[in-house]
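Just so it is clear, the values below take in all heavy atoms, side chains as well, and ignore hydrogens, waters and symmetry mates.
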Amino acid sequence: MTDILIQLFCEAFEALYQQKSDPEQVNVQKTRPEFKGDFTINVFPFLKMTRKNPQVTATEIGEKMKEMSALVASFEVIQGFLNISLSDQIYLEMLSDLLKSGGQMVAPVKQTKKFVVEYSSPNTNKPLHLGHIRNNLLGHSVCALLKEVGHEVVKVNLVNDRGIHICKSMLAWQKWGNGATPESTGKKGDKLVGDMYVRFSQELKKETEVLISQGIKAEEAEKKASLMLEAREMLKKWEEGDVEVRELWERMNGWVYDGFDVTYKNLGISFDKTYYESQTYLLGKEIVHEGVSRGVFSVYPDQSVRIDLTAEGLDEKVLLRSDGTSVYITQDLGTAVMRQKEYNADEMVYVVGNEQNYHFQVLKQLLSKLGHTWSEGVHHLSYGMVELPEGKMKSREGTVVDADDLMAEMIFTAREVSDESGKLAEFPDAEKSAVHRMIGLGALKYFILKVDPKKNMLFDPRESIEFEGNTGPFIQYARARINSVLRKTTEAGIDHLKSASNQVCPDETEKDLIRQLASYSDVINLAAREMNPGLVANYLFALAKSYNQFYHDHPVLRENDTEKQLLRVNLSVVTAETLRKGMFLLGIAMPERM
RNA sequence: GGUUCCGUAGCUCAGUUGGAUAGAGCAACAGCCUUCUAAGCUGUGGGUCAAGCGUUCGAAUCGCUUCGGAAUCACCA
């Protein structure tokens, strides 16, 4: 819609002043409610070209636009703002187009690309928590958005399955696990392994406290503790391929994956491909060695490999330890190169918390130094931390919010609220719990996704399970009510696939709804470009709110004028579909009734 | 100390190429169900957009400075 107006404006401008106006400069926005009109164009940027005052310029352009197109019904000029009122006919056409396309279609981007998006990236020493939830929801939604606008998307997970952390869990299991398995304890595998990790930390703490009391410094004590030495020894054995260690490692990681699968399934998250660091960590070394031979990286006297990035505003970075082992960035270098070889992507997106901003700056810089032109497409989708009302989550203080527990609580609360209302009373139990799930998870997902990804967010458990106001269930409810209306109109034999005739005049509320519905495609495109699902969430909330206002005083079934009734049915159909599609892009399911 | 990000109503957040009198939700208060699902709708109160200076027709938005908060600057991941 705005595209058409911009074009019309430019044509009118050229016809009037024999000069071309830059379409980029044309600022079209919704007219503020206190003024008459539908869309507003600001003429200030063009005054230098017209050499006339704002009032005259806007009036002249307005008149020309009206003359050139039937789109413009009338206009008003206030302080350099050209407020254009569109004809009723246009609104009916917009609605009819939306209806014909089967609800909502998103205009594809001009240039489609291939994206590889990495998200989730868990460690196998502890269960998924609230922070992972934000990551997973973001990754999932961004992928859905990119696909929706026409890009090709490969969703990948990179599991950090090796390293000292998992050795700690393994060691603790050997020492204090008593042979416990998920089967024998009935515990989820990731939880069991997580418990072992906690146990290790506790025992290590005890040991270091003893050492400290003997006068050894804290840092030293942790390094010298026998448990730590044992863990390191185990890591070494792992790297050497020790059969016993490898077997235990595979067994315990297997438990973790079974546990993760359950959590992912609950959350509705999936991947096209899963990478494991154990299979990729060696690749980075080769790349670093190659970099050395090409003079990109330098070997220092202590045999460590480094690069000086101070000229780029960064610091000196170690790429290989003096003992020749790889560090974090070495691995990421390897996986990036491997992944690019495999997929030849135009864009490589990493959904990773903002604590790693520096890391990704370095990674991109290194890839570029190595001569990989595709490093331009490396993009760190950095998101803010999730904090609790009492502060940051700290595993030491037991304030970490477990993903499984959180989901279960949300669903439980949904059940309570639903049972209290009695709205699903005559539903079979299976269907009821399915709806409770959708509501509970809808609340959780929406609560997290509505916030701008790059900002830190506060997760207040009390607020997250609210089902009123700007929440997921509010939007689900709006659609469930529409469904209810549509069921009844269908029963009454009203054909909602027929467009309303052009005899009807939509009122302001109805026009407002149509305008919002018509902007869906633009919103999705913007959200995809910015990789910001929050834009979709806010749009859907505003749309649901507008529909609720409409619903309140625009009866559908009881409307006697059949043309008006048809218009309202059509509005309801398109709104319901828009809400459903939009929420789908956020990974949120919509109950038919609630 | 260097770098990056953030600071908008009591609380949580919108506000996207700089546009009219800065908006929602929650919380508070007052109304609306014999009428398509009240998980809804309507209204009231609530602001020095952290502070200052600058850029210009116009700044929450851009620049500089200051204050406050966060992250990071590992031979951890």
Side-chain angles (χ1 to χ4, degrees), chain A residues 24-25 27 29 31-32 34-35 40 42 44-45 47-48 53-54 78-81 83 121 123 160 163-165 277 300 302-306 313-329 331-332 353-359 361-362 382 384-385 387 389 392 414 417-418 420-421 423 439 443 447 450-452 454-460 462-464 466-471 473-478 480-489 492 526 529-530 532 534-535 537-538 541-542 544-545 548-549 551-559 568 572 593-594:
Chain A
E24 296 284 310
Q25 296 257 316
N27 189 314
Q29 55 197 250
T31 302
R32 289 184 149 254
E34 59 268 34
F35 299 104
T40 295
N42 186 337
F44 271 104
L47 297 182
K48 277 179 192 152
N53 73 41
I78 298 168
Q79 295 173 12
F81 292 92
N83 296 334
S121 321
N123 289 350
N160 183 5
I164 193 75
H165 54 275
E277 283 196 0
Y300 277 57
D302 65 357
Q303 296 308 305
S304 64
V305 176
R306 311 186 196 187
L314 303 168
D315 294 310
E316 185 178 76
K317 187 74 194 170
V318 172
L319 300 165
L320 282 181
R321 296 192 186 98
S322 44
D323 64 2
T325 57
S326 58
V327 292
Y328 181 43
I329 195 101
Q331 298 180 26
D332 265 11
N354 63 12
E355 71 231 346
Q356 294 194 30
N357 285 354
Y358 180 77
H359 173 77
Q361 267 183 287
V362 173
S382 158
M385 298 290 97
E387 286 167 22
K392 289 165 74 173
V417 174
S418 174
E420 203 180 318
S421 77
K423 289 184 181 185
I439 298 172
F447 187 81
K450 74 177 173 187
V451 182
D452 184 341
K454 71 168 185 282
K455 291 191 176 175
N456 285 356
M457 68 169 288
L458 181 81
F459 186 86
D460 185 341
R462 278 201 313 274
E463 208 178 307
S464 70
E466 282 296 323
F467 294 161
E468 290 158 21
N470 190 358
T471 65
F474 174 95
I475 297 168
Q476 291 173 321
Y477 181 72
R481 277 207 311 198
I482 299 176
N483 279 352
S484 179
V485 173
L486 293 177
R487 271 194 299 274
K488 285 176 180 161
T489 54
L526 183 62
R529 203 176 333 128
E530 306 279 330
N532 181 358
L535 298 173
N538 286 312
F541 174 60
K545 207 151 52 109
N548 283 344
Q549 284 161 11
Y551 175 92
H552 188 256
D553 44 21
H554 291 68
V556 179
L557 275 167
R558 293 191 316 282
E559 176 57 54
R568 291 177 189 176
S572 301
R593 302 170 194 240
M594 63 187 275

Integer-rounded Å distance: B:C76 P and A:His165 NE2: 14 Å
Watson-Crick or G-U stems of RNA chain B, 3 or more pairs, under 3.5 Å, by first number: B:1-7 with B:67-73, B:10-13 with B:23-26, B:28-32 with B:40-44, B:50-54 with B:62-66
B/S/- contact track for nucleotides 2-14 of chain B, protein heavy atom under 4.0 Å: ----SS----SSS
Results of side-chain contact (heavy atoms from CB on, under 4.5 Å) for A:Glu463 - residues two or more places apart only: A:Phe447, A:Asp460
Report, one pair per line, the protein and nucleotides 17-23 of chain B atoms (nitrogen or oxygen only) whose separation is under 3.5 Å.
unit_1	atom_1	unit_2	atom_2	d
B:U17	N3	A:Glu24	O	2.7
B:U17	O4	A:Glu24	O	2.5
B:U17	O4	A:Val26	O	3.2
B:G19	N9	A:Asn42	ND2	3.0
B:G19	N7	A:Asn42	ND2	2.9
B:G19	N3	A:Asn42	ND2	3.4
B:A20	OP2	A:Arg32	NE	3.4
B:A20	OP2	A:Arg32	NH2	3.4
B:A20	N6	A:Thr40	OG1	2.9
B:A20	N6	A:Asn83	OD1	2.8
B:A20	N1	A:Asn83	ND2	3.4
B:G23	OP1	A:Arg32	NH1	3.2

Identify all pairs in which a protein N or O lies below 3.5 Å from an N or O of nucleotides 29-31 of chain B, and state each distance.
none

Sugar-phosphate, base or nothing in reach of A:Asp332, heavy atoms under 4.0 Å: nothing
Pick out the pairs of N or O atoms, protein on one side and nucleotides 42-45 of chain B on the other, that lie under 3.5 Å.
unit_1	atom_1	unit_2	atom_2	d
B:U42	OP1	A:Gln549	NE2	3.0

Touch class at under 4.0 angstrom, heavy-atom based, for A:Glu530 against every strand present: base
Partners meeting side-chain contact (heavy atoms from CB on, under 4.5 Å) with A:Ile329 (sequence neighbours left out): A:Lys317, A:Leu319, A:Val327, A:His359, A:Val362, A:Leu363, A:Leu366
Sugar-phosphate only, base, or nothing, as touched by A:Ser421 at under 4.0 Å among non-hydrogen atoms: nothing
Contacts of A:Phe541 that satisfy ring-ring contact (aromatic ring centres under 6.0 Å, His included) - sequence neighbours left out: A:Phe474
Contacts of type side-chain contact (heavy atoms from CB on, under 4.5 Å), residue A:Ser304, not counting sequence neighbours: A:Tyr300, A:Asp302, A:Arg306, A:Ser322
Residues which pass side-chain hydrogen bond (donor to acceptor under 3.5 Å, both in side chains) with A:Gln356, listed by chain and number, not counting sequence neighbours: A:Tyr328
Non-neighbouring partners of A:Lys455 that pass salt bridge (charged side-chain N to carboxylate O under 4.0 Å, His left out), sequence neighbours left out: none
A:Glu559: side-chain contact (heavy atoms from CB on, under 4.5 Å) partners, not counting sequence neighbours: A:Asp561, A:Lys564, A:Gln565, A:Arg568
Rounded distance in Å - CG (A:Asn160) to P (B:A77): 9 Å
